Amino acid sequence: MLVRLAIRLLLLAAVIGVVAVMVPGIEVNGGFGALLWISVLFSVVNAILGPVFKLLSLPLIVLTLGLFLLVVNAALLAITAGLSSHLDVDSFRAAVLGGLLIAVFSWLAMLALPSRRDEWHRRYRS
């Protein structure tokens, strides 16, 4: 379980690094240690505030058929940037594009990891 968490955090750090290179307006100050800190902080912000923001904005999410989740992800990225001196997000547009790319790249990276269900089937099926 801890190995899986460490792998996810490392993948998220790599994704944030790639997004920082791709999106003008998002800058990471520091090396891989800073990226790892940002990934831990982003995970905590997303775990604590993400469900609250999604619940409060549920009518807008339904009304826009899920597109408002881009704004929620941008807000979570901006909050992470506000809490860390290693991440700078210059504009709302950069935050929206960065949030979108982080969501897409993280989803693709998680597809590469085996799920817990796959591990269970491998372990307990004969």
Side-chain angles (χ1 to χ4, degrees):
M1 186 165 97
L2 284 175
V3 172
R4 187 170 176 79
L5 176 65
I7 291 172
R8 284 177 172 246
L9 288 175
L10 288 171
L11 282 173
L12 182 59
V15 165
I16 291 173
V18 168
V19 169
V21 170
M22 291 177 63
V23 177
I26 296 180
E27 296 178 17
V28 174
N29 306 316
F32 190 72
L35 282 171
L36 198 55
W37 167 248
I38 293 168
S39 69
V40 168
L41 190 60
F42 184 70
S43 297
V44 169
V45 167
N46 201 8
I48 294 172
L49 295 179
V52 174
F53 284 5
K54 289 172 187 170
L55 181 65
L56 291 175
S57 63
L58 189 61
L60 289 172
I61 292 171
V62 171
L63 189 64
T64 62
L65 301 176
L67 287 177
F68 196 75
L69 285 172
L70 293 174
V71 176
V72 171
N73 286 341
L76 295 173
L77 185 61
I79 289 170
T80 303
L83 292 174
S84 174
S85 61
H86 298 291
L87 179 65
D88 293 324
V89 178
D90 293 338
S91 66
F92 179 72
R93 178 185 136 325
V96 170
L97 185 58
L100 173 67
L101 290 176
I102 288 172
V104 169
F105 290 157
S106 295
W107 175 70
L108 290 173
M110 292 307 136
L111 284 179
L113 286 177
S115 68
R116 283 187 232 158
R117 185 182 325 155
D118 293 341
E119 292 173 10
W120 184 86
H121 282 295
R122 213 175 311 126
R123 186 176 297 161
Y124 297 110
R125 284 184 96 185
S126 307

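In this text, all values refer to a predicted model and were calculated from it rather than measured experimentally.
Closest of all the heavy-atom pairs between T80 and I38 is CG2-O, 4.2 Å. Here the shortest heavy-atom pairing between L9 and S39 reads O-OG, 3.3 Å. Nearest heavy atoms, T64 versus L60: OG1-O, 2.8 Å. Between S43 and L12, the closest heavy-atom pair is OG-CD2, 3.4 Å. Residues S84 and L41 come closest through the heavy atom pair CB-CD2, 3.6 Å.
L65 belongs to no hydrophobic cluster with other residues, because no ILVMFWY side-chain heavy atom falls under 4.5 Å from its own, directly or through intermediates.
Between the side chain of S91 and the main chain of A94, a donor-acceptor pair closer than 3.5 Å is present. Side chain of S106 to backbone of I102: a donor-acceptor contact under 3.5 angstrom is found.
I61 CD1 to L63 CG: the interatomic distance, rounded to the nearest 0.5 Å, is 11.0 Å. Atom CG of N73 sits about 12.0 Å away from atom CG of L97, to the nearest 0.5 Å. We find the CG-CZ distance between L70 and F68 to be 10.0 Å, quoted to the nearest 0.5 Å.
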Worksheet item: F42 and V15: side chain to side chain contact (heavy atoms under 4.5 Å, CB included), yes or no, with the steps?
Response: CA-CA 12 Å; F42 184 70; V15 165; over 6 Å; no
Worksheet item: side chain to side chain contact (heavy atoms under 4.5 Å, CB included) between F92 and V71: does it pass, once the steps are laid out?
Response: CA-CA 9 Å; F92 179 72; V71 176; 4.3 Å; yes
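Sequence neighbours left out, the pairs with a member in residues 13-35 that pass side chain to side chain donor-acceptor pair (under 3.5 Å) are N29-D88.
Applying side chain to side chain contact (heavy atoms under 4.5 Å, CB included) to V19 and the options L100, V104, L77, L101 leaves one that passes, L101.
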